Amino acid sequence: MKKLAAVFALGMLFVSGCALHVTEESYARAGRGEYVLKYPGFNASKEAMRNNIILALQSRGWVIESKDLPIKARLKKIRQEAVASFDVSGDEIVVDTKGSVVDGSRPYVPNRYVENVIVSVRKFLMKNGG
């Protein structure tokens with residue numbers, strides 16, 4: 001039984017360690033003031049993109065603060081707080097992540113969390129039509 005508990009504890013440590021990982025590039029981008037991320041290649045109406053961004057954010061656990069464009073959302077994960085403003089410009093989604101922090105004060109760009117939302121947006125657009 002002790003062996004099983006040790007394996008479980010080790011597994012939980014590994015899983016929580018993954019949630020805490022922030023790349024040096026995320027910190028470096030924030031240090032350079034590069035908070036805006038752009039994702040081109042969407043062939044959908046502005047309204048369809050807005051609706052599917054909202055669906056994607058909800059499915060990924062973000063708290064939506066404003067559903068009008070730009071959509072403002074927030075995600076808290078252990079030590080990280082991702083703040084993002086999702087807008088639609090032509091065929092691309094433009095995401096401003098200024099205000100995102102690790103440990104309450106260290107600025108970073110939450111690339112992974114935003115990219116996960118974009119993957120879901122593309123999936124929902126394919127499923128729901130654009």
Side-chain angles (χ1 to χ4, degrees):
M1 190 60 134
K2 286 183 181 179
K3 195 173 195 177
L4 181 61
V7 170
F8 178 75
L10 186 59
M12 291 304 292
L13 182 62
F14 175 75
V15 169
S16 67
C18 291
L20 297 176
H21 181 71
V22 177
T23 66
E24 286 304 315
E25 180 59 21
S26 291
Y27 292 126
R29 288 187 73 157
R32 295 188 302 264
E34 298 171 3
Y35 293 102
V36 177
L37 306 170
K38 295 182 180 185
Y39 299 91
F42 291 91
N43 187 20
S45 70
K46 198 170 197 172
E47 186 63 18
M49 288 174 65
R50 185 189 75 81
N51 291 339
N52 287 289
I53 292 168
I54 290 169
L55 284 173
L57 288 165
Q58 291 170 333
S59 75
R60 295 285 183 168
W62 289 68
V63 174
I64 299 172
E65 298 175 341
S66 170
K67 290 186 177 183
D68 293 326
L69 288 174
I71 300 163
K72 298 189 185 311
R74 180 176 303 273
L75 180 69
K76 287 191 118 185
K77 293 286 187 177
I78 304 176
R79 297 174 31 217
Q80 302 171 44
E81 183 172 359
V83 176
S85 174
F86 291 78
D87 207 353
V88 176
S89 178
D91 75 336
E92 71 181 3
I93 295 175
V94 179
V95 185
D96 187 341
T97 64
K98 189 169 186 170
S100 298
V101 293
V102 175
D103 294 332
S105 63
R106 187 170 181 193
Y108 86 116
V109 175
N111 295 312
R112 185 173 51 108
Y113 292 131
V114 173
E115 287 169 6
N116 288 340
V117 170
I118 299 302
V119 166
S120 291
V121 170
R122 291 188 193 281
K123 181 179 91 176
F124 287 134
L125 278 169
M126 287 177 57
K127 179 180 175 185
N128 300 329

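These figures come from a predicted structure and were not determined experimentally.
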Q) Just by modelled atom types, is the V109 backbone N or O under 3.5 Å from a matching donor or acceptor in the S26 side chain? A)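 A pair under 3.5 Å: yes.
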
Where do [X] and [Y] come nearest, in terms of heavy atoms and distance?
X: S100; Y: V83; answer: OG-N, 2.8 Å
X: S85; Y: K72; answer: OG-NZ, 3.7 Å
X: S105; Y: P107; answer: O-CD, 3.1 Å

Q. How would you list, by chain and number, every residue that makes a side-chain hydrogen bond (donor to acceptor under 3.5 Å, both in side chains) with E92, sequence neighbours excluded?
A. none

Q. Which value, rounded to the nearest 0.5 Å, describes the distance between L37 atom CG and I118 atom CD1?
A.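 That separation rounds to 8.5 Å.
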
Q.
To the nearest 0.5 Å, what is the distance between CD on Q80 and CZ on R112?
A.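 So the gap between those two atoms works out to 6.0 Å.
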
With a 4.5 Å heavy-atom cut-off, do [X] and [Y] have their side chains touching?
X: N111; Y: R29; value: yes
X: F124; Y: N51; value: no
X: V121; Y: F86; value: no
X: V117; Y: V95; value: no

Q) So which pairs with a foot in residues 50-67 pass salt bridge (charged side-chain N to carboxylate O under 4.0 Å, His left out), sequence neighbours left out? A)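 Of all non-adjacent pairs touching residues 50-67, those that pass salt bridge (charged side-chain N to carboxylate O under 4.0 Å, His left out) are E47-R50, E65-R74.
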
